[in-house]
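This report refers to the structure that appears directly beneath it.
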Amino acid sequence: MAGISVDTGKCIGSAQCVLAAPDVFDQDDDGFVVVLDDSPSGAAEAAARTARGLCPAQAISVHD
Amino acid sequence: MTSTDLVPFMLRRPGAPFPPPEYADFRERPGLVKAALPSGETVWLVTRHEEVRSVLTDPRISSNPTHEGFPRPSRTVGAPSADDVPGWFVSLDPPDHNRFRKALIPEFTVRRIRSLRPAVEEIVDRSIDQMTAKGDSADLVEDFSLSVPSLVISSLLGVPKVDRDFFEEKTKVLVTLTSTDEERDKASEHLLRYINRLISIKSKRPGDDLISKLLQGGLLTPQELSGVAMLLLIAGHETTANNISLGVVTLLQQKQWIGDERAIEELLRYHSVADLVALRVAVEDVEIGGQLVRKGEGIVPLVAGANHDPEVFERPHEFDPSRSATGHVAFGYGVHQCLGQNLVRLEMDVAYRGLFQRLPNLEIAVPLEELQFKYDGVLFGLHALPVRW
């Protein structure tokens, strides 16, 4: 299990995280990232790590 | 570095593969590669995936063409600044850039783009109807690939249906090779005038479209909004058209991938049409990949180089949708990463479904070696794609 946090000040709403890890991330009405699951495990955790790498604004942190 | 180390800026040439084979050699070299622009000025070329991403996220590297040393490869390659065109936010750095991005992202969320699918399907269907009504062959670029994104953008902006032919005709002039500079300037002027009129109409009678919502949002002035609308049009038209056309060629070569959802991401990586789009300048001394880049030196991160970097994508020159192509930088990276990327994915998906389902015998009507690729433009693509069905 990993801990997920996001820096909404950095988020640019590219939605790469929503596409890569839809169980962990979503977008609010303004388009900014929302964390749905801040401690994912298994496949969702792996997807969240992928999302961290894809985020163009480097707004996602994964804490072990 | 001596002048003999300089390479030419434009490395594409007829008959050679794209991306240019030189990129593989550049990735092997230590540091960066210095290229000469036609003007005699020099820029740094960046070809490795990791370094392209660093350049596009480093706050010491700017997108603002008003900075000394910003690359100006030619009249057609090079961005206007936000000083020239208010609302031209791709030419702004944070924090000036943030207000524009913030205003626009609600219109490009995953949910919002998914809701556009029926509208895009209708546009694709109608474009195929019109193309097939003319006979059993066509130039796919002219009759389909350019029409679809133009109609999608006009629908997004809230251009009334009766004006869409006008809008499409003018936007085509902007991206057609045979247009003269005068024709292009005139079309651009007509479009800008039209968009300004549309903004004034929408401010009195708002609808459910991007222009109305941005007017109501109040984050942008009407003048900025007109620049934003032009930018969305220019950014979303030829790029998408090139992706659609090149994708048809590639999928017809490897038909087993038609209908496979993974093909879209791999097509984006494989073709990397916007190789020369991201121009940058260092506004402080910065080290990139072991290379010292001085303040005021131009930098060109080559996205096709990054997307064919074997460190990240094995067998990069093979089209293989079974790989994980995510992580490509076909849409750039950093705060300027393409706002419309999910719309492009949707348009490509709907376009291929429509074409290959309705025209199962679709084929290229000329030998492959006769296809006219865009070796001379900023964007890679096809000038024409003769097809029959």
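In what follows, every chain begins at residue 1, and chains take the letters A, B, ... in the order their sequences are listed. Hydrogens, waters and symmetry mates play no part in the numbers below; they use all other heavy atoms, side chains included. This is a predicted model, so every value here is computed, not measured.
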Given that the side chain runs from C-beta out, which part of R112(B) has a heavy atom under 4.5 Å from chain A: side chain, backbone, both or neither?
neither
Structural part of C55(A) lying under 4.5 Å from a heavy atom of chain B
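Only the backbone of C55(A) comes within 4.5 Å of chain B.
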Quick one: closest heavy-atom pair of [X] and [Y], and the distance?
X	Y	answer
R101(B)	I12(A)	NE-O, 3.0 Å
V110(B)	Q27(A)	N-OE1, 3.0 Å
I105(B)	G13(A)	CD1-CA, 3.9 Å

Backbone N/O of A57(A) and side chain of Y333(B): donor-acceptor pair under 3.5 Å
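Flag not set: sc Y333(B) to bb A57(A) has no pair under 3.5 Å.
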Tell me whether [X] at atom [atom1] has more than 12 heavy atoms from other residues, nucleotides or ligands lying less than 6.0 Å away.
X	atom1	result
Q216(B)	CD	yes
K213(B)	NZ	yes
E311(B)	CD	no
R315(B)	CZ	yes

Could you tell me if the side chain of R345(B) sits less than 4.5 Å from the side chain of L19(A), heavy atoms only?
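Side chain of L19(A) against side chain of R345(B), heavy atoms only: contact under 4.5 Å found.
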For residues T326(B) and Q16(A), determine if any side-chain heavy atom of one lies less than 4.5 Å from a side-chain heavy atom of the other.
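Contact flag for T326(B)/Q16(A) side chains = no.
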So which of E107(B), Q337(B), H97(B) has the biggest tally of heavy-atom pairs under 4.5 Å with chain A?
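Maximum pair count with chain A is reached by Q337(B).
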